[in-house]
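One structure is given here, and the rest of the page talks about it.
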Amino acid sequence: MNTSQQAIRDSWNEWADTWYLRYRTDEAIAKIISNPASAFHPVTYALIREVFPSLEGKRVCVPSSGDNHAVYAFHLLGAKVTSCDISEKQIERSAAIARRHGWDIEFIVDDTMQLGSVADGAYDLVYTSNGVHVWIHDLDAMYRNIHRILKPGGCSVMFDIHPFMRPFSGEVGKLAVVKPYDETGLLGDVPRFKWRVQDFVNAMATSGFSVARMEEMFAEDGSFWVDESDDNAKQPSPAELASYCDWKSNPLAALPQWLSMRVVK
C-alpha cells in the first residue's frame with residue numbers, strides 16, 4: 001500500500017466514526033429496507049434492471065462500498081453480495097448492521113485497484129457508487145480487476161459525479177471555474193484524483209470492456225447542491241432547494257450532475 005492509499009484509508013477510518021455516521025442511522029437503513037431501489041439513482045437502477053430483471057441468486061460485488069447502502073439493497077433484492085472497502089472501520093461498521101438484521105453478506109477489506117481477495121470470474125455484476133473514482137489513482141488497475149472478477153458476459157455499472165462538475169466551485173448560483181476540465185490527477189491534502197469522461201472510457205476499453213450504455217443525469221432534487229458533511233452550514237428552505245435545480249437561478253443545473261455507464265465483459 002503506497003502513501004496516498006494509506007492516507008485515504010486512515011481518513012476513512014476516522015470519518016467512519018464521525019460525520020459518516022449519518023448514513024448508518026436507523027432511519028437511513030429503514031428507508032433501504034422499505035424500498036431497496038431508493039439506494040440507486042432511478043436511471044442507474046434502470047441500467048441494472050435492463051440486464052437483470054431479477055437479481056435473485058445473482059452474484060454482485062460492490063468495491064469501495066462506503067456506506068454500503070447499495071450492498072444492503074442488492075441483498076434485499078435477492079442477490080448474493082460481496083462488499084469490499086479499503087477502510088477496515090467502514091467494513092466493520094457496515095458488517096455490524098448486516099449482522100443486526102440477519103443479512104448474509106460477505107465483507108472483505110480490500111483495495112478496489114487490487115481486489116486480491118476476490119476470486120476470478122465469480123460475479124454477474126460489479127457496481128460502484130457515487131464517490132468511488134475520486135479515491136482511485138490508477139483507473140486501469142481498477143477496471144482490469146473488475147473485469148477479472150466478472151463472469152464472461154458479466155457487466156459492471158458505475159454511478160458517480162459527472163466530471164463536468166469538477167471544474168466548478170459548486171457554489172449555487174455561480175459559474176465559478178476553479179480548474180480546467182483537463183487538469184486531472186492528485187488534488188487536496190487528503191489524496192483525491194480528478195478524472196474526465198474519456199479517462200473512464202479509456203480505462204474500461206483498455207481493460208477489455210465493451211460499453212453498452214451511458215447516461216448523463218440531473219440531480220433528483222436540490223439536496224445535491226448542499227454539503228451534507230458541513231454540520232454548521234445553514235439549511236436551505238424548500239423553496240431554495242427547488243430553485244437549485246432551475247438552471248435560470250442556478251446555472252450549474254444546466255449541466256448533467258451524474259454519470260452512469262454499463263460495460264460488458
Side-chain angles (χ1 to χ4, degrees), residues 36-37 39-66 68-86 91 94 98 103-133 135-160 195-217 258-265:
F40 308 94
H41 190 288
V43 174
T44 304
Y45 190 61
L47 283 181
I48 296 169
R49 285 304 205 180
E50 282 177 4
V51 180
F52 303 108
S54 171
L55 284 159
E56 192 68 39
K58 300 299 181 183
R59 293 205 64 188
V60 178
C61 183
V62 183
S64 296
S65 51
N68 277 259
H69 288 189
V71 169
Y72 303 145
F74 281 126
H75 170 78
L76 293 165
L77 291 165
K80 298 178 180 179
V81 192
T82 299
S83 167
C84 303
D85 200 277
I86 196 172
I91 287 294
S94 299
W103 297 336
D104 183 15
I105 298 170
E106 181 181 30
F107 290 92
I108 299 174
V109 176
D110 210 335
D111 185 334
T112 297
M113 291 173 285
Q114 299 176 7
L115 299 177
S117 301
V118 183
D120 296 357
Y123 294 90
D124 300 287
L125 170 65
V126 175
Y127 175 75
T128 59
S129 192
N130 171 40
V132 170
H133 294 87
W135 305 109
I136 303 297
H137 71 262
D138 188 341
L139 291 181
D140 287 347
M142 170 181 169
Y143 280 102
R144 185 168 61 248
N145 282 293
I146 288 175
H147 187 276
R148 173 181 60 80
I149 68 174
L150 280 168
K151 298 176 182 178
C155 67
S156 176
V157 174
M158 64 82 76
F159 166 70
D160 217 322
W195 305 111
R196 302 160 297 183
V197 175
Q198 72 182 58
D199 298 316
F200 296 149
V201 174
N202 289 338
M204 294 167 180
T206 300
S207 300
F209 283 110
S210 298
V211 177
R213 192 168 184 85
M214 182 174 81
E215 297 283 352
E216 298 171 297
M217 303 97 78
W258 297 113
L259 176 69
S260 203
M261 297 178 66
R262 187 178 73 232
V263 296
V264 181
K265 178 174 180 177

Is it the case that atom NZ in Lys80 sees more than 12 heavy atoms from other parts of the structure closer than 6.0 Å? no

Tell me the closest heavy-atom pair linking Gly66 and Asp85, and the distance in Å. N-OD2, 3.0 Å

Side-chain heavy atoms of Phe107 within contact of Ser94, under 4.5 Å: yes

Yes or no on side-chain contact (heavy atoms from CB on, under 4.5 Å) for Val118 and Tyr123, after CA distance, side-chain angles and deciding distance? CA-CA 10 Å; Val118 183; Tyr123 294 90; 3.3 Å; yes

Just wondering, do Ile146 and Phe209 contact through their side chains at under 4.5 Å, heavy atoms? yes

Kindly indicate whether the side chain of Lys58, heavy atoms from C-beta on, has any atom under 4.5 Å from the side chain of Leu125. no

Identify the two heavy atoms, one from Ile149 and one from Cys61, that lie closest to each other, and give their separation to 0.1 Å. CD1-SG, 3.9 Å

Determine whether Val62 and Ser129 satisfy the following criterion, side-chain contact (heavy atoms from CB on, under 4.5 Å), listing intermediate values before the conclusion. CA-CA 8 Å; Val62 183; Ser129 192; 5.9 Å; no

Is there a ring-ring contact (aromatic ring centres under 6.0 Å, His included) between Trp195 and Phe200? Walk through the geometry before answering. CA-CA 7 Å; Trp195 305 111; Phe200 296 149; 7.7 Å; no

How many angstroms lie between atom OG of Ser65 and atom CD1 of Ile86, to the nearest 0.5 angstrom? 11.5 Å

Say you draw a straight line from CG of Asn202 to CE of Met204; how long is it, rounded to the nearest 0.5 Å? 10.5 Å

Intermediate values then yes/no, side-chain contact (heavy atoms from CB on, under 4.5 Å), Phe74 and Leu55: CA-CA 8 Å; Phe74 281 126; Leu55 284 159; 3.9 Å; yes

So do the side chains of Phe159 and Phe40 get within less than 4.5 Å of each other, counting heavy atoms only? no

If you measure only the distance, is there a donor-acceptor pair under 3.5 Å linking the side chains of Asn68 and Ser83? yes

For Pro36 versus Leu77, what's the shortest heavy-atom pair and its separation? CB-CG, 3.9 Å

Arg148 side, atom CZ; Ser207 side, atom OG - distance, nearest 0.5 Å: 11.5 Å

Say whether, by atom type as modelled, one donor and one acceptor occur between the side chain of Arg262 and the main chain of Glu50 under 3.5 angstrom. no

Working to the nearest 0.5 Å, report the span between CZ of Arg144 and CD of Gln114. 10.5 Å

Does Arg59 come within less than 4.0 Å of Asp124, counting only side-chain N to carboxylate O? no

Tightest non-hydrogen contact, residues Lys265 and Leu150, listed as NZ-O, 2.7 Å

Hey, does Asp199 have a side-chain heavy atom less than 4.5 Å from the side chain of His133? no

Grab the two heavy atoms, one from Pro63 and one from Thr112, that are nearest each other, plus how far apart they are. CB-OG1, 3.5 Å

Step-by-step side-chain contact (heavy atoms from CB on, under 4.5 Å) determination, Asn130 to Trp258: CA-CA 9 Å; Asn130 171 40; Trp258 297 113; 3.4 Å; yes

Side chain Asn145, main chain Met113, donor-acceptor under 3.5 Å: yes

Is the closest side-chain heavy-atom distance between Phe52 and Cys155 below 4.5 Å? yes

Which atom pair, heavy atoms only, marks the closest approach of Val81 to Ile105? O-CG2, 3.7 Å

Are side-chain heavy atoms of Met158 and Val263 found at a separation under 4.5 Å? no

Side-chain contact test, heavy atoms from C-beta onward, threshold under 4.5 Å: evaluate it for Met261 versus Val201 and give yes or no. yes

